[in-house]
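All values below were derived from every heavy atom in this structure, side-chain atoms included, with hydrogens, water molecules and symmetry-related copies excluded. Just so it is clear, the structure is predicted and the values come from calculations on it, not from any experiment.
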Amino acid sequence: MNLQCNIDLASAYKSASQVARILSEDWCARELYCPACRSGSISRSPANTQAADFSCPRCEQRFQLKSLRRWGSPKIVDAGYEAMIRAIKADRAPHLLLLQYTGAWHVRNLMLIPRMFVTESVIEKRRPLSKTARRAGWIGCNILLGGIPEDGRIAMISEGRPTPEQRVRKEFERIRGLGKLPPSLRGWTVDVLSFVRRLRKAEFTLSEIYDAEPSLRIVHPNNRNIRPKIRQQLQILRDLGLVEFKGRGRYVLRASAGPN
Ligand SMILES: [Zn+2]
């Protein structure tokens, strides 16, 4: 994988954000493989395809690219809030590719956030644009990366080092099953998984997970039966192979895909 962007393409553009978009899109089209199947490339979507920049010619998964100069921010700006919520509810949100480039236009970091982890809980409503703005009243959104469990943050390139493709695909395979759940249920499943991850323990108990009740009530204010809902999500996580039941209210988190 050649991590250098083609700087020659930049000469036709003036604005920094335009240059970043052109160079990073070109790089993805040349160098990037599909993390969801064996395809060695992904293709650019026809211009103006809503919320997707690339799609896989083999498995037809859709990807949206976000190029960033700075890395490690807990949130990233996305487009319209209402459109985003509609896309999540209709199960149309694309996978996200977050790409960080250096001043010399090298790709330094690339992270895949599978679409299953882009749930309503991690979408933050921004303040409406002011009356004087061209699109006065328009409401954008942020994606709260900090709320996404590590299962949903797959490193494809870390600090200039590409992760072996096989490993990336294994990581994706591990969580693919979440995509089969309806979005209304998947939000809960991912929230419970996030909470389990935050415990930072391989083994945990049901009562530890019940501690998530107050925070789950904030993101799901209309649900009064949080505990049964938590138990249901643990069963789903077990069926997906992400959690193992040890009996007597004890559970084990199945580790990520491993070094290969
Ligand atoms: Zn594919």
Side-chain angles (χ1 to χ4, degrees), residues 35 71-76 88 93 95-96 98 109 111-124 141-156 158-159 163 167-260:
W71 197 246
S73 167
K75 54 173 95 170
I76 50 164
I88 291 172
H95 302 296
L96 295 178
L98 307 185
N109 284 296
M111 187 192 282
L112 166 70
I113 298 183
R115 54 193 301 280
M116 303 72 127
F117 291 87
V118 182
T119 66
E120 288 185 64
S121 304
V122 296
I123 304 301
E124 180 182 62
C141 71
N142 294 319
I143 301 176
L144 303 174
L145 299 178
I148 296 175
E150 60 191 84
D151 312 76
R153 290 183 270 127
I154 300 177
M156 297 180 76
S158 302
E159 300 300 323
T163 310
R167 185 188 164 121
V168 169
R169 288 180 174 137
K170 247 182 170 173
E171 295 277 356
F172 186 90
E173 214 44 59
R174 186 172 163 270
I175 49 85
R176 187 192 286 274
L178 284 167
K180 298 195 181 98
L181 304 172
S184 56
L185 184 61
R186 189 192 305 150
W188 277 95
T189 315
V190 172
D191 285 342
V192 170
L193 180 59
S194 291
F195 192 82
V196 170
R197 281 290 185 188
R198 280 202 292 272
L199 291 175
R200 305 216 159 274
K201 292 164 94 177
E203 193 170 321
F204 57 94
T205 65
L206 187 58
S207 65
E208 283 174 309
I209 294 300
Y210 281 162
D211 290 342
E213 221 179 325
S215 55
L216 287 171
R217 190 166 287 131
I218 292 169
V219 282
H220 301 279
N222 298 325
N223 196 296
R224 290 199 181 82
N225 300 305
I226 306 272
R227 288 190 175 202
K229 206 73 188 173
I230 288 174
R231 292 196 299 274
Q232 178 196 26
Q233 303 322 307
L234 287 169
Q235 277 166 15
I236 291 170
L237 290 169
R238 177 193 59 188
D239 295 344
L240 292 173
L242 296 171
V243 160
E244 210 176 312
F245 282 28
K246 288 289 185 189
R248 292 186 306 227
R250 290 184 309 119
Y251 303 84
V252 168
L253 186 64
R254 285 260 182 90
S256 54
N260 297 306

Peer 1: What is the distance from atom CH2 of W188 to atom OG1 of T119, rounded to the nearest 0.5 Å?
Peer 2: 12.0 Å
Peer 1: Is there a side chain to side chain contact (heavy atoms under 4.5 Å, CB included) between L98 and R153 once you walk through the steps?
Peer 2: CA-CA 10 Å; L98 307 185; R153 290 183 270 127; over 6 Å; no
Peer 1: Between the main-chain N or O of A155 and the side-chain N or O of T163, is there a donor-acceptor pair closer than 3.5 Å?
Peer 2: yes
Peer 1: Would you check, one step at a time, whether the test side chain to side chain contact (heavy atoms under 4.5 Å, CB included) holds for I236 with L185?
Peer 2: CA-CA 10 Å; I236 291 170; L185 184 61; 3.6 Å; yes
Peer 1: When you check the gap from the basic side-chain N to the acidic O, do R169 and E173 get nearer than 4.0 Å?
Peer 2: no
Peer 1: Is the backbone N or O of R174 less than 3.5 Å from a side-chain atom of R254, with the two atoms forming a donor-acceptor pair by type?
Peer 2: no
Peer 1: List the atom of S121, the atom of V219, and the distance in Å for their closest heavy-atom pair.
Peer 2: OG-CB, 4.1 Å
Peer 1: Sequence neighbours left out, what passes salt bridge (charged side-chain N to carboxylate O under 4.0 Å, His left out) with E208? Give chain and number order.
Peer 2: K201
Peer 1: In Å, rounded to the nearest 0.5 Å, how long is the span from CG of L234 to CG of L206?
Peer 2: 6.5 Å
Peer 1: Closest heavy-atom contact between P114 and I154?
Peer 2: CG-CD1, 4.0 Å
Peer 1: Any non-hydrogen side-chain atom of V190 less than 4.5 Å from a side-chain atom of D151?
Peer 2: no
Peer 1: Under the 3.5 angstrom rule, does the side chain of H95 hit a backbone N or O of I113 as a donor-acceptor pair?
Peer 2: no
Peer 1: Drop me the distance from L216's CG to R227's CZ, to the nearest 0.5 angstrom.
Peer 2: 11.5 Å
Peer 1: Considering non-hydrogen atoms only, spot the tightest contact between R186 and L178 and give its length.
Peer 2: NE-O, 2.9 Å
Peer 1: So, does N142 use its side chain to make a donor-acceptor pair with the main chain of L144 at under 3.5 Å?
Peer 2: no
Peer 1: For E124, enumerate each residue passing the salt bridge (charged side-chain N to carboxylate O under 4.0 Å, His left out) test, keeping only those at least two apart in sequence or located in another chain.
Peer 2: K75
Peer 1: Tell me the closest heavy-atom pair linking R197 and P149, and the distance in Å.
Peer 2: CG-CB, 3.9 Å
Peer 1: Testing the basics here: between I123 and C141, what is the closest heavy-atom pair and its distance to 0.1 Å?
Peer 2: CG2-CB, 3.8 Å
Peer 1: Indicate the ring-plane relationship of Y251 and F204, choosing parallel, tilted or perpendicular according to the 30° and 60° boundaries.
Peer 2: parallel
Peer 1: For L145 versus S73, what's the shortest heavy-atom pair and its separation?
Peer 2: CD1-O, 3.6 Å
Peer 1: Could you state the interatomic distance from CZ (F117) to CD1 (I143), rounded to the nearest 0.5 Å?
Peer 2: 14.0 Å
Peer 1: Before you tell me yes or no, could you show the steps for R176 and L240 under side chain to side chain contact (heavy atoms under 4.5 Å, CB included), namely the whole-Å CA-CA distance, both residues' side-chain angles and the distance that decides it to 0.1 Å?
Peer 2: CA-CA 9 Å; R176 187 192 286 274; L240 292 173; over 6 Å; no
Peer 1: To the nearest 0.5 angstrom, please state how far the OG atom of S207 sits from the CZ atom of R250.
Peer 2: 12.0 Å
Peer 1: Passes side chain to side chain contact (heavy atoms under 4.5 Å, CB included), N109 versus M111? Steps please.
Peer 2: CA-CA 7 Å; N109 284 296; M111 187 192 282; over 6 Å; no
Peer 1: What's the spacing between L181 CG and T189 OG1 if we round to 0.5 Å?
Peer 2: 5.0 Å
